[in-house]
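Encoded as structure tokens, the structure appears first; notes follow it.
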Amino acid sequence: GLEHIGPSAFQSKQITEITVPSTLKTIGNQAFADSRLCSIVFNEGLESNGSSAFSSAKLTSIDLPAGVIFGEEVFSYCRDLTSVTLSEGINKIEMGMFSNCDSLQSIILPSTVKTIDDYAFRGCTALDEIVLPEGVTTVGNYAFAKAAFDKLVIPSTVNSVGSAIIDEANINTLVLNTNTTLSYRNLNNGTCYVKEIVIGADLSYLDTRDSIFQRGFMSVETITFSEGVTIVPSGICKNIGFPMSIKTINFSSTIHTIKD
């Protein structure tokens, strides 16, 4: 039976649906890129999808099995994609995997995910919420840049954060629990639009007069310090928000020190 679909095999073709045989093992780079493909069911024996294999295809929903190696930007620019189901066992969201999927509304990350690679959700502007499961350890460069969420939660298990992970993003509530040391360079390079910042008890930051939020946080209205936070570090609120944008600061009952 068929085992391999070669690179660019159906690129830019009018094919809309394909039945994948159980014998298929690999799908090559750009195999269905820019095609009219709107539906595909991945077989259990599939081993790998190449880089940009489905980039700019017309897929509307996908169900991804565990045990498959996905190339970079495999579903990037799938602008009709609205829902993604990821199986338990998947441990990495590859570089640019869903970048610029600007109709994506629903994705639940399995508990097995450890890494959100560079640009993974860049430009995803239709997601209501994305919660990184406890167990995620790495968030790559620009992972959520130019995206839009009602809520983004960075868990306490994250110990490696790349550059400008929310650069130019639009987020109602940003929850930071990561226990790695953050500086403003980890969050954004220009401007991001966040209404509420929630400081988790596990958050570590550079305790300097240069706030981790100093660059481009121009729309913050509320800052909340979660229970368990004991110290408000120097400069934490410095340069947050356009003048007078901050309306509310909620201090936890566990805070005993507010620094300069």
Side-chain angles (χ1 to χ4, degrees), residues 51-52 54-55 62 64 69-79 81 83-84 86 90-194 196-200 202-205 212-213 215-217:
S51 297
S52 302
F54 299 92
S55 181
I62 48 177
L64 302 183
I69 298 173
F70 292 98
E72 296 178 357
E73 300 182 347
V74 62
F75 300 109
S76 63
Y77 289 95
C78 287
R79 297 192 182 276
L81 186 63
S83 67
V84 174
L86 301 172
I90 291 175
N91 56 33
K92 185 178 183 180
I93 307 301
E94 298 290 345
M95 178 177 175
M97 193 168 187
F98 301 107
S99 64
N100 296 293
C101 293
D102 50 15
S103 295
L104 182 60
Q105 299 174 10
S106 173
I107 184 169
I108 297 176
L109 302 181
S111 63
T112 50
V113 169
K114 303 297 182 186
T115 300
I116 311 295
D117 210 343
D118 301 349
Y119 305 99
F121 293 98
R122 182 182 186 272
C124 290
T125 55
L127 278 170
D128 284 336
E129 181 177 55
I130 186 162
V131 177
L132 307 191
E134 291 290 332
V136 170
T137 59
T138 302
V139 178
N141 301 326
Y142 297 91
F144 306 105
K146 296 187 177 181
F149 308 109
D150 181 59
K151 188 176 185 180
L152 173 63
V153 178
I154 308 294
S156 61
T157 52
V158 171
N159 54 37
S160 177
V161 178
S163 298
I165 63 170
I166 57 170
D167 194 49
E168 297 184 67
N170 193 321
I171 303 169
N172 280 337
T173 302
L174 174 65
V175 182
L176 292 172
N177 287 320
T178 175
N179 61 10
T180 191
T181 300
L182 291 180
S183 77
Y184 65 86
R185 295 177 182 86
N186 295 119
L187 297 179
N188 67 312
N189 281 332
T191 298
C192 60
Y193 304 92
V194 178
E196 179 182 16
I197 297 170
V198 179
I199 307 295
D202 294 312
L203 179 65
S204 298
Y205 26 64
I212 60 174
F213 307 110
R215 182 180 288 180
F217 282 79

Q.
Would you compute the distance between atom CD of Glu72 and atom OG of Ser55 and round it to the nearest 0.5 angstrom?
A. 12.0 Å

Q. Under 4.5 Å between any side-chain heavy atoms of Met95 and Ile116, yes or no?
A. no

Q.
Measuring only between side-chain heavy atoms, which start at C-beta, is Leu174 closer than 4.5 Å to Phe149?
A. no

Q) With sequence neighbours excluded, what pairs up with Lys114 under the salt bridge (Lys or Arg N to Asp or Glu O under 4.0 Å) test? A) none

Q. For the atom pair CD1 (Ile199) and CG (Asn177), what is the distance rounded to the nearest 0.5 Å?
A. 9.5 Å

**Q.** Contacts of type side-chain hydrogen bond (donor to acceptor under 3.5 Å, both in side chains), residue Ser52, not counting sequence neighbours
**A.** none

(Q) Checking Ser156 now: which residues fulfil side-chain hydrogen bond (donor to acceptor under 3.5 Å, both in side chains) with it, not counting sequence neighbours? (A) Glu134

Q | Steps toward side-chain contact (heavy atoms from CB on, under 4.5 Å) verdict (Ile166, Ile171) | A | CA-CA 9 Å; Ile166 57 170; Ile171 303 169; 3.8 Å; yes

**Q.** Residue pair Leu187, Val161: steps toward the side-chain contact (heavy atoms from CB on, under 4.5 Å) verdict
**A.** CA-CA 9 Å; Leu187 297 179; Val161 178; 5.7 Å; no

(Q) Which residues pass the side-chain hydrogen bond (donor to acceptor under 3.5 Å, both in side chains) test with Asp150, not counting sequence neighbours? (A) Asn172

Q: Kindly state each residue pair satisfying ring pair (Phe, Tyr, Trp, His ring centres under 6.0 Å) with at least one member in residues 150-179, sequence neighbours excluded.
A: none

Q: Not counting sequence neighbours, which residues clear side-chain contact (heavy atoms from CB on, under 4.5 Å) with Asn170? List them please.
A: Ala148, Tyr193

Q: Compare all side-chain heavy atoms of Phe98 with those of Val74 and state whether any distance is below 4.5 angstrom.
A: no

Which pairs of donor and acceptor atoms, one on a side chain in residues 100-110, lie under 3.5 Å apart (sequence neighbours left out)?
residue	atom	partner	partner atom	Å
Asn100	ND2	Tyr77	OH	3.2
Asp102	OD2	Arg79	NH1	2.4
Ser103	OG	Arg79	O	2.6

Q | Flag side-chain contact, heavy atom, 4.5 Å: Leu64 against Phe75 | A | yes

Q | Lys151: partners by side-chain contact (heavy atoms from CB on, under 4.5 Å), with sequence neighbours left out | A | Glu129, Val153, Thr173, Val175

Q | Check: Asp117 and Met97 side chains under 4.5 Å, non-hydrogen atoms | A | no

Q | Contacts of Ser111 that satisfy side-chain contact (heavy atoms from CB on, under 4.5 Å) - sequence neighbours left out | A | Glu88

Q. Quick one: salt bridge (Lys or Arg N to Asp or Glu O under 4.0 Å) partners of Glu73, sequence neighbours excluded?
A. none

Q. Taking atom CD1 of Ile165 and atom OH of Tyr119, what is their separation to the nearest 0.5 Å?
A. 13.5 Å

Q) Quick one: does Asn186's side chain have a donor or acceptor within less than 3.5 Å of a partner on Gly162's backbone? A) yes

Q. Does Asp167 have any salt bridge (Lys or Arg N to Asp or Glu O under 4.0 Å) partners at least two apart in sequence or in another chain, and if so, which?
A. none

Q: Report the distance from atom CD1 of Ile62 to atom OG of Ser83, rounding to the nearest 0.5 Å.
A: 8.5 Å

(Q) Donor-acceptor pair, distance only, cut-off 3.5 Å: does the side chain of Thr138 make one with the backbone of Thr115? (A) no

Donor-acceptor list for residues 139-146 side chains, cut-off 3.5 Å, not counting sequence neighbours:
residue	atom	partner	partner atom	Å
Asn141	OD1	Ser163	N	2.7
Tyr142	OH	Asn189	ND2	2.6

(Q) Checking Leu152 against Ile154 for the side-chain contact (heavy atoms from CB on, under 4.5 Å) test, could you report, in this order, the C-alpha distance in whole Å, the side-chain angles of both residues, the deciding distance, and whether it holds? (A) CA-CA 7 Å; Leu152 173 63; Ile154 308 294; 4.2 Å; yes

